[in-house]
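Heads up: the structure comes next, in structure tokens.
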Amino acid sequence: MPITVQATIVTAGRENRIEGNRFQITLEGYQLFILEHPFTLQKNENSSPVGKAVVKELTWKEGTTTLVYELIDLHGVN
């Protein structure tokens, strides 16, 4: 099972708000994120950071990674 360790969360506009500042996103492949650690949040791989988020839940299933993360810092207006 190939796995990729990530240092940023790249949303590409695929995130869904759960409630408040909590979001969920499903990513292709098995990706590893440290829980309860602040990550830089980006819209795409080559964009400037838009904020910081903390991963609260991580689930691997059928070749995908699903994250629930909490936005802790927003650098600008959406």
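- The neighbour count for E45 CD, taken as heavy atoms of other residues, nucleotides or ligands under 6.0 Å away, does not exceed 12.
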request  = Start with the C-alpha gap between K56 and E36, add the side-chain angles, then the distance that decides, and say whether side-chain contact (heavy atoms from CB on, under 4.5 Å) holds.
outcome  = CA-CA 6 Å; K56 298 295 188 177; E36 301 295 333; 3.1 Å; yes

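- Looking at every heavy atom in both residues, K52 comes nearest to T40 through NZ-OG1, 4.1 Å.
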(Q) Apply side-chain contact (heavy atoms from CB on, under 4.5 Å) to residues L32 and Q6 and explain how you reach the verdict. (A) CA-CA 6 Å; L32 182 61; Q6 298 295 342; over 6 Å; no

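- A pairwise comparison of heavy atoms in F39 and T8 identifies CD2-N, 4.0 Å as the closest pair.
- With rounding to the nearest 0.5 angstrom, the OH atom of Y30 is 8.0 Å from the CD atom of E62.
- To the nearest 0.5 Å, atom OG1 of residue T11 and atom NZ of residue K43 are 5.0 Å apart.
- Residue I34 holds its CD1 atom at 11.0 Å from CG of L58, rounded to the nearest 0.5 Å.
- Closest non-hydrogen pair, L27 versus V10, comes out as CD2-O, 4.0 Å.
- Here the straight-line distance linking atom OG1 of T65 with atom CD1 of I3 works out to 7.5 Å at 0.5 Å rounding.
- A continuous path of Ile, Leu, Val, Met, Phe, Trp and Tyr side chains, each step under 4.5 Å between heavy atoms, connects L74 with V55, placing both in one hydrophobic cluster.
- Clustering ILVMFWY residues whenever any of their side-chain heavy atoms sit less than 4.5 angstrom apart, transitively, puts F33 in the very cluster that holds W60.
- Hydrophobic clustering (side-chain heavy atoms under 4.5 Å, transitive across Ile, Leu, Val, Met, Phe, Trp, Tyr) keeps V54 apart from V50.
- Taking the six-membered ring where tryptophan is involved, the planes of Y69 and F23 are essentially parallel, since the angle between them stays under 30° and well short of 60°.
- With hydrogens and angles disregarded, a donor-acceptor distance shorter than 3.5 Å links the side chain of Q42 to the backbone of S47.
- Taking R14 as the reference, nothing meets the salt bridge (Lys or Arg N to Asp or Glu O under 4.0 Å) condition, with sequence neighbours excluded.
- If you chain together hydrophobic residues whose side chains sit under 4.5 Å apart, V5 and L41 fall into the same group.
- Nearest heavy-atom pair across I9 and A53 is CD1-CB, 4.1 Å.
- For the atom pair T64 OG1 and E28 CD, the distance stands at 7.0 Å (nearest 0.5 Å).
- The backbone N or O of T66 sits nowhere less than 3.5 Å from a side-chain atom of T26 that would complete a donor-acceptor pair.
- Taken to the nearest 0.5 Å, the CD1 atom of I18 stands 11.5 Å off from the CD1 atom of I25.
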